[in-house]
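Notes follow the structure.
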Amino acid sequence: MNGLKLLGAGYALPTRVLTNDDMAGYVETSDEWITTRTGIRQRYFCAEGETTTTLAIEAARRAMADAGMAKEDIGCVIVATSSGEYAMPSTACLVHKALELPEGIPVFDLGAACAGFLYALDTARAMLLAHGGKAALVIGAEQMSSLLDMADRNTCVLFGDAAGAAVFAPADAEYAYVCGTRGDMAIEVGGPRRSLPMTMEGQNVFRFAVSTIPATVQALLEAGGKTLEDVDWVICHQANRRIIDASVRHLGVPADKFYKNLDRYANTSAASIPLALAEMKESGKLVSGQRVILVGFGGGLTWAGIMMTI
Ligand code: ACO
């Protein structure tokens, strides 16, 4: 048994919705510019009392309920985040407390920006294989709005807040993983514990993303001995519709094989892939037995890909 099976998934969104027109109240921008350059139409930002922690807890509760999982069966909890509420305790410890999960299991946060959920998923798999355990609770949760300079139009229109969570069990199933890092391209900077807002070299990230997604997809297909025709869904980190469209063109596959929801949520960093998984499962688009490719990329720069059957 060296793969994983998705038992359940859930997501959580804050209550405050900001349209592109709302963003034009903060910076000189327009619905037309944001929609054409990114495909984003709206995003959710945390309101008073909503944080990375509250979103992570809500998404985790829903994933546990969807999985029908007893809390005693959880063997590890990992929260992928770059916007945890506290330096310590970790967001994962706060989820552990809220859900009254068992003692004697590893519970921690992992930071790899928008690739974080896939780093976390592969880490959880390794821990389950090494130490046993019936299932892992893996979460991506972000309050990106807490990192943004609302006067910087280069960044503030691109991001949103959300959490997605999934419960995975070890399974005798196929599994391929690739990842990478370009520390020498550390061009995105989140301020030290939010005393500085994040900055970004958008065009460099764009170029990096449009080459990394197809290369990662190809590497996974080669590793697993498959072609794209064998794959039901490619679920990429949701940063920009043009990045996904360029990857579709490069790979020469039907566009509807790539899931897209960034028009509604914008870029939710580590939350975007589990949010997509949970939303697709809820709507019936994602069903047991399908083969999916997941691709994350982002600040660091980091990237990762997983091909697995759900
Ligand atoms: N509204 C209006 N104009 C804007 C805005 C805005 N919100 N933002 C930038 N502009 C202006 C720029 O100032 C520039 O004006 P100038 O020509 O007078 O200098 C003009 O629009 C064009 O800017 P470009 O940077 O060339 O625009 P581009 O087409 O490259 O799109 C974008 C910019 C959307 C940022 C794109 O490069 C992109 O999506 N990059 C990837 C970013 C990304 O996904 N980062 C996240 C990775 S995940 C993570 O690590 C958290």
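In listed order, ligands and their atoms are each counted from 1. Heads up: numbering here begins at 1 and tracks the sequence.
The Cys114 neighbourhood of ligand 1 comprises atoms 48 (S), 49 (C), 50 (O), 51 (C), with distances under 4.0 Å to a heavy atom of that residue. Contact atoms of ligand 1 toward Arg37: 22 (C), 27 (O), 28 (P), 29 (O) (distance under 4.0 Å to a heavy atom of the residue). Those atoms of ligand 1 with a heavy atom of Val157 less than 4.0 angstrom away are 7 (N). In the vicinity of Arg242, heavy-atom distances shorter than 4.0 Å reach the ligand 1 atoms 29 (O), 31 (O). Within ligand 1, the atoms closer than 4.0 Å to a non-hydrogen atom of Gly299 are 49 (C), 50 (O), numbered from 1 in the order shown. The ligand atoms of ligand 1 that sit less than 4.0 angstrom from a heavy atom of Ala239 are 44 (O). Close approach of ligand 1 to Glu28 (heavy-atom distance below 4.0 Å) involves ligand atoms 1 (N), 2 (C). Within ligand 1, the atoms closer than 4.0 Å to a non-hydrogen atom of His237 are 48 (S), numbered from 1 in the order shown.
If you check the side chains of Gln42 and Thr19, you find no donor sitting under 3.5 Å from an acceptor. Side-chain contact of Tyr11 with Thr268: a donor-acceptor pair under 3.5 Å is absent, judged by distance alone. Between the side chains of Arg43 and Asn20, at least one donor N or O sits under 3.5 Å from an acceptor N or O. A donor atom on one side chain and an acceptor atom on the other are not found under 3.5 Å apart for Thr309 and Glu174. Checked by atom type, the side-chain pair Glu50/Tyr44 shows no donor-acceptor distance below 3.5 Å.
With a heavy-atom cut-off of 4.0 Å, Thr38 touches ligand 1 through its side chain alone.
Contacts classified as ring-ring contact (aromatic ring centres under 6.0 Å, His included) and involving residues 273-310 (residues at least two apart or in different chains) are given here: Phe208-Trp303, His237-Phe297. Every pair passing side chain to side chain donor-acceptor pair (under 3.5 Å) that includes a residue from residues 147-163 is listed here, sequence neighbours excluded: Ser145-Asp161, Asp152-Asn154, Asp152-Thr155.
For a threshold of 3.5 Å applied to N or O pairs, the pair formed by Gly202 and ligand 1 contains at least one separation below that value. Looking at ligand 1, you won't find any N or O of Ser269 less than 3.5 Å from one of its N or O atoms. At least one N or O atom of Gln203 sits closer than 3.5 Å to an N or O atom of ligand 1.
Remark: Arg41 CZ is loosely packed, at most 12 non-hydrogen atoms of other residues, nucleotides or ligands lying under 6.0 Å away.
Remark: among candidates Thr155, Asp152, Asn154, the nearest residue to atom 9 (C) of ligand 1 is Asn154, based on non-hydrogen atoms.
Side-chain contact check for Ile57 versus Leu99: some heavy-atom pair is nearer than 4.5 Å.
Proximity of Ile34 to ligand 1 is not established, as no heavy-atom distance is less than 4.0 Å.
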